[in-house]
Every structure is written in C-alpha cells, then in structure tokens.
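Numbers for residues simply follow the sequence, beginning at 1.
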Amino acid sequence: MNSMTPVTRQEVLGLYRKIFRIAKKWQSASGQIEETIKEKEYIINEAQTLFRKNKNVTDPKLIKQCIEECEARIEIGLHYNIPYPRPIHLPPMGLAHKQGRMLRHQEKLRKISKPIYLKSHDEVS
C-alpha cells in the first residue's frame, strides 16, 4: 500500500467500506434468516481475505485490476442478489486428452476466458 497514490488508497478504502455497508443491509434471495446470516458472513469473510491478500500489491496495473474485480463482483452480486462469484461456463477439460498439447491449449483457453470477477477466487478458495 505504500506506493499507492492517495486517490487510489481512498478508492480502495471506499470499496472496503462499501462492501461492509452492503453486508450490513444484505437480504438473501430466499428471505430466510439463516441464509441471510450465512451470506452476510460470506461477504465479510471474502472481503477481509481478498483485501488482506492484496494489501502488499504495489504494481499500479495489478491494483487497478483488483479494483475492477472488486467493482465487478459488487455489481454482479447486487444485480443477481447472490454474494457468491458466478461460475464460468466452460466444460471441465471438455474433449482434451489427459496430457499433451490439446490439454495445455484448453487450460490456456480456460485461463484467458476467466472473467475479471473470478481472477482471485480460485487463488483463495
């Protein structure tokens, strides 16, 4: 965080606060109290985990990417009323063989097709 500009630092802290405000007001789609509590806890834990994981990021491009991912996940979560990241729809290993060039090619396609809102999800979960 040391190399962050004051504007970027404010933007990151603003997103962090925004997530906690969202969690405070969150209502699950089912309307069940247990589900709402579980989803609120998930939102808070996910935010804390990812913000702590990325607190030492100094590369401006990576910081911008993290901010964009955070904004995308907030928008998607609010739009669909689902706090969990939406999965990408690629068949797992589709028609690729267990090894070789086709497998590497498919893994590369899967990696580049991953939406921005899922970039850090696999690293944490």
Among all residues two or more places apart in sequence or in another chain, which pass the side-chain contact (heavy atoms from CB on, under 4.5 Å) test with [X]?
{"X": "Arg52", "answer": "Gln48"}
{"X": "Lys38", "answer": "Glu35, Tyr84"}
{"X": "Ile67", "answer": "Thr8, Glu11, Val12, Leu15, Ile63, Glu71"}

- [ ] Write down the atom of Ile19, the atom of Ala47, and the distance for their closest heavy-atom approach.
- [x] CG2-CB, 3.6 Å

Task: Taking every non-hydrogen atom, the tightest pair across Pro83 and Trp26 - done: CD-CZ2, 3.5 Å

TODO: Check ring-ring contact (aromatic ring centres under 6.0 Å, His included) between Tyr16 and all other residues, then give those that pass, not counting sequence neighbours.
DONE: Phe20, Phe51

Starting at [atom1] of [X], measure out to [atom2] of [Y] and round the result to the nearest 0.5 Å.
{"X": "Ile43", "Y": "Ile22", "atom1": "CD1", "atom2": "CD1", "result": "7.5 Å"}
{"X": "Cys66", "Y": "Lys55", "atom1": "SG", "atom2": "NZ", "result": "14.5 Å"}
{"X": "Thr49", "Y": "Ile44", "atom1": "OG1", "atom2": "CD1", "result": "11.5 Å"}
{"X": "His79", "Y": "Ile76", "atom1": "NE2", "atom2": "CD1", "result": "9.0 Å"}
{"X": "Arg17", "Y": "Gln10", "atom1": "CZ", "atom2": "CD", "result": "6.5 Å"}

Open item on the list: In the structure I gave you, are the side-chain heavy atoms of Leu50 and Arg73 within less than 4.5 Å of one another anywhere?
Closed with: yes

Task: Heavy-atom check, side chain of Thr5 versus side chain of Pro60, under 4.5 Å - done: no

Task: Side chain Thr36, main chain Gln27, donor-acceptor under 3.5 Å - done: no

Open item on the list: Apply the hydrophobic cluster definition, ILVMFWY joined by side-chain contacts under 4.5 Å directly or through others, and give me every member besides Ile33.
Closed with: Ile37

